[in-house]
Amino acid sequence: MAAEPAGTTGHAPSSRPGDTSVATSRPTAGLPAQRPSGAVSRAPGDEPGDCCPADAGCGAATPREPLAAGPLGMRLLAFARVPEDAPPSDHELTYAIVAARHRGRLLLVRERNRGCWELPGGGIDPGETARQAAARELWEEADQRVAPAALRFEGFARTALPDHLTRYGALFSAEISDPVPFTPNEEISGITWWDGGDAPAGGPLQTVDVHLAELTAG
């Protein structure tokens, strides 16, 4: 959806026009180790309860500084490792994203309008679970199919842009054993399997998404 923030946001379902540009991949390199389950990521100096009343069920406090910031003013305010069926209730859950890897490389997609390298993901449709949305967006944006049940839930990210309301997104991870060829579509002009080194050519790197991907790295 065009009104959603870049990177950790909703994207409209895509068709497949004849554009054929695909970004190249890079050699394998590791990412930082996974953080323990049950943890809430906060910036230095953050104190619990800063985000909302104690009974609001937010699951993660708002840091005095964002955990990460990226292009277009995107900010990662907090990350809550809470059960998948108990999302924070202080802000609406509107999108799902996937940190998918193949042999240590992270899948990034280049969104046409923003020109930014991001994690695949998008808005949760009516009647759809976040897990179902994540699997659907991974296929629609990057042509990679993973069954919803095969996704690993990681936690809920609270993100904001200066001109958007704060919202939550469900973060999942997946291992792609056999990547399939990508066909550019109306929304995504290219994909890359990124090694974590230099930013891919062709656009800025959404560093908020990279930070979230690091939280899932094992």
Can you check whether V180's main-chain N or O pairs, donor with acceptor, with D143's side chain at less than 3.5 Å? no

Do N185 and E140 have side chains that get closer than 4.5 Å, going by heavy atoms? no

With a 4.5 Å cut-off on side-chain heavy atoms, are L212 and L76 touching? yes

Decide yes or no for L165 and E92: does some side-chain heavy atom of the first lie under 4.5 Å from some side-chain heavy atom of the second? no

Quick one: does R81's side chain get under 4.5 Å of L215's, heavy atoms only? yes

Check against side chain to side chain donor-acceptor pair (under 3.5 Å), T216 and R101: CA-CA 10 Å; T216 75; R101 292 180 175 81; 2.9 Å; yes

Test log, rule side-chain contact (heavy atoms from CB on, under 4.5 Å), inputs I188 and F182: CA-CA 10 Å; I188 305 300; F182 168 73; 3.7 Å; yes

Under the criterion side-chain contact (heavy atoms from CB on, under 4.5 Å), I'd like the reasoning laid out for L107 against Q144: C-alpha separation, chi angles, the key distance, then a yes or no. CA-CA 10 Å; L107 174 62; Q144 310 303 313; 4.1 Å; yes

Determine whether L108 and L205 satisfy the following criterion, side-chain contact (heavy atoms from CB on, under 4.5 Å), listing intermediate values before the conclusion. CA-CA 9 Å; L108 297 174; L205 189 64; 3.6 Å; yes

Compare all side-chain heavy atoms of V208 with those of P71 and state whether any distance is below 4.5 angstrom. no

Minimum heavy-atom distance between H102 and I176, given as atom pair plus value: ND1-O, 2.8 Å

Any side-chain heavy atom of E111 within less than 4.5 Å of one from C116? no

Donor-acceptor contact present, side-chain D209 to main-chain L119, <3.5 Å: yes

What distance do L138 atom CG and R145 atom CZ have between them, rounded to the nearest 0.5 Å? 10.0 Å

Inter-residue atom distance R110.CZ - Q206.CD, 0.5 Å rounding: 15.5 Å

Identify the heavy atoms of L151 and A135 that sit nearest to each other, and give their distance. CD1-N, 3.8 Å

Using every non-hydrogen atom in the two residues, find where E154 and S173 come nearest and quote the distance to one decimal. OE2-OG, 2.6 Å

Show the nearest heavy-atom pair for residues A170 and A130, with the distance to one decimal. CB-CB, 3.7 Å

To the nearest 0.5 Å, how far apart are CZ in R112 and CD in E186? 8.5 Å

Distance col, row L77:CG vs Y168:OH, nearest 0.5 angstrom, shows 8.5 Å

Which is it for R167 and T159 under the side-chain contact (heavy atoms from CB on, under 4.5 Å) test, yes or no, and what are the steps along the way? CA-CA 6 Å; R167 65 204 64 204; T159 54; 4.1 Å; yes

Other residues, nucleotides and ligands only: do more than 12 of their heavy atoms fall within 6.0 Å of CD on E175? yes

Could you tell me which residues satisfy salt bridge (Lys or Arg N to Asp or Glu O under 4.0 Å) with E84, sequence neighbours excluded, listed by chain and number? R131

Could you grab the distance from atom CH2 of W117 to atom CG of L106, nearest 0.5 Å is fine? 11.5 Å

Any heavy-atom pair between the side chains of W194 and R105 that's under 4.5 Å? no

Taking the side chain as everything from C-beta on, heavy atoms only, tell me whether V98 gets closer than 4.5 Å to E137. no

Grab the two heavy atoms, one from P87 and one from L93, that are nearest each other, plus how far apart they are. CB-CD2, 4.3 Å

To the nearest 0.5 Å, what is the distance between CZ on R158 and CG on D90? 5.0 Å

For A99 and L171, which heavy atoms make the closest approach, and how far apart are they? N-CD1, 4.5 Å

